[in-house]
Amino acid sequence: TIPTVSKRRIPDVMLFSETPSRFVLEVKPEDSPRILRTLKISKHPAAKLGRVQGDNLGFQFRGKTLINIPVSQASETWSQTIPRTMEGTP
């Protein structure tokens with residue numbers, strides 16, 4: 001379960017909501033249990049969201065695929081959104 005302050009568990013909020021107290025941390029699979037344990041001991045809500053594998057980025061919610069795109073497309077879109085917006089190009 002993704003830790004949230006709100007009880008609203010709708011996909012767009014869970015995927016795109018940003019708050020100063022929420023961040024994503026990428027770790028090696030073997031380090032995940034130790035890091036989650038450390039965060040729990042220090043009373044910081046934490047959850048494993050998924051794992052990186054293959055060439056696609058995918059998210060599911062209640063058994064439905066919400067996003068399934070190539071990592072290259074996600075990376076390019078992420079890195080170019082602000083420059084394109086500033087230039088006024090789609």
Side-chain angles (χ1 to χ4, degrees):
T1 302
I2 299 172
T4 61
V5 175
S6 169
K7 294 293 181 200
R8 292 179 55 198
R9 306 270 177 168
I10 55 178
D12 60 327
V13 171
M14 292 172 61
L15 288 173
F16 302 109
S17 176
E18 295 182 17
T19 64
S21 62
R22 186 182 308 169
F23 61 93
V24 175
L25 180 64
E26 182 180 350
V27 300
K28 293 178 182 176
E30 61 269 20
D31 293 336
S32 181
R34 178 181 53 82
I35 290 170
L36 287 171
R37 190 171 48 254
T38 300
L39 290 167
K40 183 177 182 178
I41 290 168
S42 63
K43 300 193 185 317
H44 289 90
K48 182 176 179 180
L49 299 179
R51 59 186 171 153
V52 176
Q53 66 180 40
D55 296 327
N56 276 16
L57 174 66
F59 292 98
Q60 292 185 336
F61 181 74
R62 295 184 178 152
K64 288 186 176 182
T65 298
L66 303 176
I67 297 172
N68 187 13
I69 60 173
V71 170
S72 59
Q73 179 184 350
S75 177
E76 196 270 334
T77 300
W78 175 82
S79 68
Q80 294 302 313
T81 296
I82 292 176
R84 285 183 183 148
T85 301
M86 300 300 286
E87 296 168 0
T89 59

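Scope of the values below: all heavy atoms of this structure, side chains included, with no hydrogens, waters or symmetry mates. All values derive from a computational prediction rather than experimental measurement.
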Can you name the closest pair of heavy atoms from [X] and [Y] and give their distance?
X	Y	value
A46	L39	CB-CD1, 3.7 Å
L57	V71	N-CG2, 3.9 Å
H44	S42	ND1-OG, 2.8 Å

Would you check if M86 and I82 make a side-chain contact, meaning some heavy-atom pair closer than 4.5 Å?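 Result yes, sub-4.5 Å side-chain heavy-atom pair found.
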Considering only heavy atoms from C-beta outward, does the side chain of D55 approach that of P70 to under 4.5 Å? no
Does the T77 side chain pair with the main chain of Q73, one donor and one acceptor, at a distance under 3.5 Å? yes
Is there a path of hydrophobic side-chain contacts, each under 4.5 Å between heavy atoms, that joins L66 and I69?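 Cluster IDs for L66 and I69 match.
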E26 atom CD, over 12 foreign heavy atoms within 6.0 Å: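 12 or below, so no.
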With sequence neighbours excluded, residues passing salt bridge (charged side-chain N to carboxylate O under 4.0 Å, His left out) with D31: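 With sequence neighbours excluded, D31 shows a salt bridge (charged side-chain N to carboxylate O under 4.0 Å, His left out) to R34, given in chain and number order.
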